[in-house]
Amino acid sequence: MRYSEMFLPTEREIPSDAEVISHQLMLRAGMIRKLSAGIYCYLPLGYRVIRKVEQIIREEMNRAGAQEVFLPMVQPAELWQESGRWEYYGKELQRFRDRHDREYCLGPTHEEVITDLVRNELKTYRQLPKNLYQIQTKFRDEIRPRFGVMRSREFGMKDAYSFDADEEGAELSYARMFEAYKRIFARCGLRFRPVEADSGTIGGSFSHEFMVMADSGEDGLVFCSECAYAANLEKAEVHPPEKADMSAIEELPLTEVHTPNIRTIEEVSAFLDVTPQDIVKTMIFNADGQPVAVLIRGDEEVNEIKVKNYLGCNEIELAMDDMIEEVTGAPRGFAGAVGIRARIVADNSLLNMKNFVMGANREDYHVRNVNVGRDFSIAAFADLKIARETDACPRCRKALSLARGIEVGHVFKLGTKYSKAMGASFLDRNGKDQTMIMGCYGIGTGRTVAACIEQNNDENGIVWPMPLAPFQVIITPVNINDKALADTAERLYDSLVAKGVEVLLDDRDERAGVKFKDADLIGIPIRVTIGPKKLAEGKVEIRMRDTGEVNAILLEQVEETLLSQIASKMGENVSGSHD
RNA sequence: CGGGGCGUAGCGCAGCUUGGUAGCGCGCCUGCUUUGGGAGCAGGAUGUCGCAGGUUCAAAUCCUGCCGCCCCGACCA
């Protein structure tokens with residue numbers, strides 16, 4: 001491709017509405033342009049990178065035995081009513097009516113469509129397992145799209161669905177996808193980590209997210225310093241504290257203290273001159289309409305998802321003031337466990353606490369020297385807190401580490417959630433009707449590209465890993481009006497193109513500085529600079545974008561040198577060959 | 001949906017408080033010079049000042065309503 005002919009509008013200044021680095025660089029490098037909130041156009045440079053990601057995905061999905069299909073984006077409401085998600089999915093699901101007033105939605109995901117397709121066509125265990133995937137545009141009417149293509153409303157996604165006859169088969173399908181995903185993200189040149197995750201509204205029993213490590217990521221994750229445990233912060237378990245021998249500590253008499261307008265942990269600890277570790281927080285939740293009091297040590301935070309999963313409820317939120325007053329008889333800020341009219345659950349952080357402070361369920365009062373058993377009882381302790389770095393690994397008790405990441409892929413064991421609701425069954429060996437067991441597996445293509453930029457950039461722009469680079473090589477003659485330079489550039493360009501190298505020839509009549517800045521900004525891994533001084537010696541310069549290393553190479557050796565550089569940079573992230 | 005901010009040339013911004021000829025930098029076009037890290041000089045083009053009402057002799061500027069976009073929160077694969 002000739003730069004002079006390419007639609008590649010680069011920007012010198014940072015667009016004012018871009019916050020994160022990947023968004024800024026995608027705009028500046030002419031990869032994307034915004035059409036509307038959360039809706040983006042991909043320009044040629046950006047789309048070339050998308051196609052690189054898609055190609056890697058295709059190769060690895062095909063290798064893992066999946067087959068590519070292409071499903072409609074517009075989906076009839078009836079299918080979603082069948083699965084029950086027409087009601088449950090909420091406002092993210094973009095609904096509309098056609099001219100006959102029939103209801104439809106734009107596909108945010110395709111469990112319904114694929115399950116419908118499969119139930120109509122697959123009838124016997126002999127036809128199973130099957131794994132079908134597509135790469136397609138999804139639409140989710142996000143409450144707040146942000147960070148460019150990282151969280152957009154319209155976005156590209158690879159989604160795969162597996163159908164198995166039995167649990168062992170489903171396990172195998174899941175494991176194969178898990179391995180395929182590891183290969184995909186490794187081949188993309190990403191530093192990533194698979195983590196255990198909550199399965200959310202997609203549902204199902206078990207899932208892993210693939211997190212690209214980046215401080216700008218929206219998700220928190222924890223991982224063990226010793227063993228393989230890693231999980232999304234939403235899900236991360238912690239090992240309960242060692243049970244200490246508390247018998248030596250005498251239980252002091254319960255005392256009510258006047259604490260006028262003292263509500264928060266900070267206020268209470270300052271006012272009563274105790275540490276937050278001496279206080280128990282009582283959080284009132286509304287769980288499917290029922291009040292639940294969650295007790296946790298003052299310096300810890302409640303993980304709502306853990307509470308939700310522990311209670312097994314559908315909806316959970318912090319209770320409104322009227323519910324708080326109903327169960328405590330006091331306004332917000334003075335809730336405690338003693339005498340509360342709500343189910344009580346306690347985090348493990350209470351295990352070794354004695355003579356602690358909590359709200360008195362009376363306005364402007366707290367109580368001191370509260371003790372579990374004597375003053376109120378707890379049916380069971382559970383892990384309900386947000387994990388911290390001071391917590392111990394739930395598997396091996398070693399130290400946990402915290403990091404931030406970008407979720408680029410998610411694999412779910414769906415079980416029979418959709419196949420049962422929609423009647424996707426088959427006849428087994430004995431002629432008996434059985435429900436298919438499903439899995440689903442997603443990768444955000446645009447998000448993968450953005451995540452890659454988050455990990456690979458410097459002050460001059462993007463630094464593409466070779467496998468995702470829109471071009472492998474850029475040829476930069478420093479002055480196109482110097483015929484010797486221009487001719488050399490043209491000849492090298494032709495010969496590299498003939499060898500199948502993806503090369504951009506910067507044939508613009510611009511000064512060298514402008515070309516260098518643009519080459520750095522768009523992040524092409526290898527730049528061949530053709531200038532008068534080195535050319536007089538029969539040489540050109542090869543400069544690596546990542547290290548900045550420059551080597552002068554004899555013209556007759558350039559092609560060979562480039563081919564070997566490219567080859568070594570294509571495969572350096574994955575051992576073994578790939579088709 | 002709640003809170004905050006912004007909408008002026010392709011991009012980044014000033015002007016608005018105190019109403020009166022719409023500006024700056026970059027980019028763009030022409031010419032000359034220059035040619036290895038975003039060149040210099042000279043000349044030039046480009047604006048329904050987000051939209052609609054209102055106040056006024058006069059509105060980018062004041063008032064009202066609406067729309068769009070960004071940030072924080074709630075929410076979310």
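In what follows, every chain begins at residue 1, and chains take the letters A, B, ... in the order their sequences are listed.
Residue Asn460(A) places no side-chain atom within donor-acceptor reach of the base of G37(B), judged by atom type and a 3.5 Å distance cut-off alone. Below the 3.5 angstrom threshold, one finds a donor paired with an acceptor across the side chain of Glu541(A) and the base of G36(B). Looking at Asn479(A), its side chain has no donor and acceptor atom pair within 3.5 Å of the base of G36(B). You'll find a donor-acceptor pair under 3.5 Å spanning the side chain of Glu13(A) and the base of G25(B), going by distance alone. The base of G37(B) sits with one of its N or O atoms less than 3.5 Å from a complementary donor or acceptor on the side chain of Arg543(A). With hydrogens and angles left out, the side chain of Arg527(A) and the base of G37(B) share a donor-acceptor pair within 3.5 Å.
From Cys105(A), atom SG reaches atom CD of Gln75(A) across 5.0 Å, with rounding to the nearest 0.5 Å. Interatomic distance, Glu54(A) CD to Ile443(A) CD1, rounded to the nearest 0.5 Å: 11.0 Å. Going from atom CE of Met157(A) over to atom OG1 of Thr137(A) covers 11.5 Å, rounded to the nearest 0.5 Å. Rounded to the nearest 0.5 angstrom, Leu492(A) CG and Glu559(A) CD are separated by 7.5 Å.
Searching all strands for a Watson-Crick or G-U wobble partner of A52(B) with both distances below 3.5 Å returns U64(B). The pairing partner recorded for C75(B) is none, the criterion being a Watson-Crick or G-U wobble arrangement whose two distances lie under 3.5 angstrom. Of all nucleotides present, only G40(B) satisfies the Watson-Crick or G-U wobble test against C32(B), with each distance under 3.5 Å. Base pairing of G20(B): its partner is C57(B), meeting the Watson-Crick or G-U wobble criterion (both donor-acceptor distances under 3.5 Å). Partner assigned to U46(B) is none, using Watson-Crick or G-U wobble distances below 3.5 angstrom. C69(B) is paired with G5(B) under the criterion used here, namely a Watson-Crick or G-U wobble arrangement in which both key atom distances are under 3.5 Å. Checking C11(B) for Watson-Crick or G-U wobble geometry (two distances, each under 3.5 Å) identifies G25(B) as its partner.
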I'd like to compare against my own output: the B/S/- annotation of nucleotides 66-73 of chain B with a strict under-4.0 Å heavy-atom distance to protein. ---SSSBB
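Residue Phe516(A) has its side chain nearest to G36(B) when only G36(B), U34(B), A77(B) are considered. Closest to the side chain of Glu11(A), from the set G36(B), C11(B), A77(B), is C11(B). In this structure, of G38(B), C28(B), A77(B), it is C28(B) that holds the atom nearest to the side chain of Glu510(A).
At a cut-off of 3.5 Å, with distance as the only test, no side-chain donor of Glu234(A) or Asn303(A) sits close to an acceptor on the other residue. No side-chain donor from either of Tyr89(A) and Arg95(A) sits under 3.5 Å from a side-chain acceptor of the other. Ser4(A) and Arg2(A) are not linked by any side-chain donor-acceptor pair at a separation below 3.5 angstrom, with hydrogens and angles left out of the test.
Note that Arg527(A) lies in the cation-pi zone of Phe516(A), set by a 6.0 Å cut-off to the ring centre and a 45° limit from the axis.
When rounded to the nearest whole Å, the span between CD1 of Ile524(A) and P of G37(B) equals 20 Å. Following rounding to the nearest Å, Gln136(A) (CD) and A77(B) (P) show an atom-to-atom distance of 19 Å. Between Arg508(A) atom CZ and G27(B) atom P there is a gap of 13 Å when expressed in whole angstrom units. Protein atom OH of Tyr418(A) is 10 Å distant from nucleotide atom P of A77(B), rounded to whole Å. The interatomic distance linking Arg151(A) (CZ) with C75(B) (P) rounds to 13 Å, in whole Å. Atom CE of Met320(A) is separated from atom P of G2(B) by 15 Å (rounded to the nearest Å). Regarding Asp141(A), its CG atom lies at a distance of 15 Å from the P atom of A77(B), rounded to whole Å. Rounded to a whole Å, the NE2 atom of His410(A) is 9 Å from the P atom of A77(B).
A salt bridge does not link Arg388(A) with Glu301(A): none of the charged nitrogens is closer than 4.0 Å to a carboxylate oxygen.
Mapping Ile14(A) and Lys517(A) onto RNA chain B via the closest heavy atom, the residue that lands nearer the 5' end is Ile14(A). Residue order along RNA chain B, read from the 5' end via each residue's closest nucleotide, puts Lys533(A) first among Glu317(A) and Lys533(A).
When heavy atoms are screened at a 4.0 angstrom cut-off, Phe155(A) is found touching base atoms of the nucleic acid. Among the protein residues, Gly531(A) comes within range of the nucleic acid bases, having at least one heavy atom under 4.0 Å from a base atom. Pro108(A) comes within 4.0 angstrom of nothing in the nucleic acid, heavy atoms only. Here Asp482(A) lies out of heavy-atom contact (under 4.0 Å) with every strand.
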Please evaluate residues Arg176(A) and Tyr441(A) with respect to the criterion side chain to side chain donor-acceptor pair (under 3.5 Å), reporting the C-alpha separation (whole Å), side-chain torsions for both, the decisive distance (0.1 Å), and the verdict. CA-CA 11 Å; Arg176(A) 292 179 83 173; Tyr441(A) 318 93; over 6 Å; no
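Nucleotides C57(B) and G15(B) have their P atoms positioned 29 Å apart, rounded to a whole Å. Comparing the C1' positions of C13(B) and G3(B) gives an interatomic distance of 27 Å, to the nearest angstrom. Of the P atoms belonging to U8(B) and C49(B), the separation is 11 Å, rounded to the nearest Å. Straight-line distance between the C1' atoms of G12(B) and G20(B): roughly 29 Å, to the nearest whole Å. Taking atom P on both C26(B) and U21(B), the two are 26 Å apart, rounded to the nearest angstrom. Distance noted for atom C1' between A9(B) and A22(B): 11 Å (whole Å). C16(B) and A60(B) are spaced 7 Å apart, taking the C1' atom of each and rounding to whole Å. Taking atom C1' on both A52(B) and G68(B), the two are 14 Å apart, rounded to the nearest angstrom.
In this structure, Phe210(A) has its ring center under 6.0 Å from that of Phe178(A).
Not one side-chain nitrogen or oxygen of Arg12(A) sits closer than 4.0 Å to the OP1 or OP2 atom of C26(B).
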